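Written below as structure tokens is the structure these notes are about.
Source: prediction; values computed, not measured.
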Amino acid sequence: MASLVSSAVFPSAVAAPVLPARRRIGANGAGSAAFLRSPVSSPLSNAFQGTPVNRATIHANKQQAVRAAGSAAVMAAASKGTSKGTVVVEPDPRIPIVLLGVSGALFAVDNKLAAAPIGLLGALLAFQTTRVRFVFTEEALEVRIGQQLESSGENVFVGGENKWKYDTFVNWEFWWPAFPVLVYFKETQTRPEGQVHFFPIIANGKQLYDVMVERCGPSKGSGPSA
């Protein structure tokens with residue numbers, strides 16, 4: 001690791017140790033002591049072999065190694081900082097409010113036949129806005145429930161978990177860009193030939209669009225204007 005400083009970074013440059021005396025046996029059987037000195041091989045000793053040790057140069061080399069280690073640590077931290085992390089898109093009740101408003105207006109003109117289904121849809125979406133959360137992890141889009149982000153279980157229409165990996169997305173779009181109401185996307189995780197999904201935008205449309213572009217790639221349609 002770059003943050004660890006070891007002897008490998010700063011090899012010793014002190015004078016070579018003196019090895020113990022080794023007794024040499026002469027031809028006449030008499031022993032004579034001979035002191036053999038053998039320098040310990042190191043990068044700095046090899047570099048300065050046969051020349052006086054320059055302490056200023058050693059200090060400069062150490063400083064250069066420290067700077068290199070610091071740069072490596074900064075680069076490692078920057079690389080960790082590029083992690084996309086998990087994004088939970090903020091809820092947005094605008095669509096349910098619009099539907100409930102239209103329903104109220106239709107009731108006001110005594111058009112109950114049209115007002116009732118629109119009002120029921122608005123009420124359902126208003127309830128779902130308080131509990132459904134669109135969660136973008138580093139690998140997949142997930143639909144979760146509540147503030148604790150509990151599992152939403154299996155998809156009641158096509159089966160399987162409500163979790164789709166980004167690399168299985170074929171394409172996706174917002175309908176309609178000026179006032180996003182629905183998200184359409186097609187993926188190959190559920191079925192190899194492709195599975196189409198729709199879900200109402202009961203979350204912040206701009207935030208949802210931006211994170212989908214970041215994780216799933218550009219949309220074939222334009223993004224929301226607000």
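- If you look at Y166 and W172, their ring centroids are not closer than 6.0 Å.
- In the hydrophobic cluster analysis, where Ile, Leu, Val, Met, Phe, Trp and Tyr join through side-chain heavy atoms closer than 4.5 angstrom, V98 is grouped together with I118.
- In this structure, D210 and L208 have side chains that are not in contact, with every pair of non-hydrogen atoms separated by 4.5 Å or more.
- Between F199 and F185, the ring planes are perpendicular. Angles over 60° get that label, and only those under 30° would be called parallel.
- Checked by atom type and distance alone, the side chain of S103 never pairs as donor or acceptor with a backbone atom of L99 at under 3.5 Å.
- At least one donor-acceptor pair under 3.5 Å links the side chain of E187 to the backbone N or O of T190.
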Would D92 and R94 count as a salt bridge (Lys or Arg N to Asp or Glu O under 4.0 Å) if you check the C-alpha gap in whole Å, the side-chain angles of each, and the deciding distance to 0.1 Å? CA-CA 6 Å; D92 188 336; R94 281 187 291 180; 3.0 Å; yes

Do F174 and V183 pass the side chain to side chain contact (heavy atoms under 4.5 Å, CB included) test, and can you show the C-alpha distance, the side-chain angles, and the key distance before you say yes or no? CA-CA 5 Å; F174 267 36; V183 174; 3.5 Å; yes

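- Looking only at side-chain heavy atoms (C-beta outward), Y184 and V196 come within less than 4.5 Å of each other.
- The number of heavy-atom neighbours closer than 6.0 Å to CD of E139, taken from other residues, nucleotides and ligands shown, is 12 or below.
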Residue pair T86, F136: steps toward the side chain to side chain contact (heavy atoms under 4.5 Å, CB included) verdict: CA-CA 6 Å; T86 298; F136 291 81; over 6 Å; no

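- Nearest heavy atom pair, residue A115 against residue L106, reads CB-CB, 3.5 Å.
- Note that the NZ atom of K165 and the NZ atom of K163 stand 7.5 Å from one another [nearest 0.5 Å].
- Across every non-hydrogen atom of P180 and I201, the tightest pair is CB-CD1, 3.3 Å.
- Outside the 6.0 Å centre-distance limit, the rings of F169 and W164 are not counted as a close aromatic pair.
- Environment of CZ in F157: sparse, with no more than 12 heavy atoms of neighbouring residues, nucleotides or ligands closer than 6.0 Å.
- Counting only distance, with no hydrogens or angles, the side chain of Q147 and the backbone of R131 share no donor-acceptor pair below 3.5 Å.
- By the 4.5 Å heavy-atom criterion applied to side chains, V132 and V143 are counted as neighbours.
- The minimum heavy-atom distance between V89 and R133, with the atom names listed, is O-CD, 4.3 Å.
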Apply side chain to side chain contact (heavy atoms under 4.5 Å, CB included) to the pair E154 and E161, showing each step before the final yes or no. CA-CA 4 Å; E154 289 198 358; E161 189 179 4; 5.8 Å; no

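- Remark: I145 CD1 to E150 CD distance equals 8.5 Å, nearest 0.5 Å.
- E142 places no side-chain N or O within 3.5 Å of a backbone atom of F134 that could act as its donor or acceptor partner.
- Taking all atoms of both residues into account, the shortest heavy-atom contact from N204 to Q207 is OD1-N, 3.0 Å.
- Atom OG of S219 is separated from atom CE of M212 by 8.0 Å, given to the nearest 0.5 angstrom.
- Considering every non-hydrogen atom in both L100 and G122, the closest pair reads CD2-C, 3.9 Å.
- Transitive grouping of hydrophobic side chains (ILVMFWY, heavy atoms separated by less than 4.5 Å) brings F198 and V181 into a common cluster.
- Note: F127 CZ to T130 OG1 = 5.5 Å, rounded to the nearest 0.5 Å.
- Under the 4.5 Å side-chain heavy-atom criterion for grouping Ile, Leu, Val, Met, Phe, Trp and Tyr, I202 is connected to L182 within one hydrophobic cluster.
- Hydrophobic cluster membership is shared by W175 and V213, with clusters built from Ile, Leu, Val, Met, Phe, Trp and Tyr side chains linked at under 4.5 angstrom.
- Considering OG1 of T168 and CZ of R191, their distance stands at 13.5 Å, rounded to 0.5 Å.
- Interatomic distance, I97 CD1 to L125 CG, rounded to the nearest 0.5 Å: 11.5 Å.
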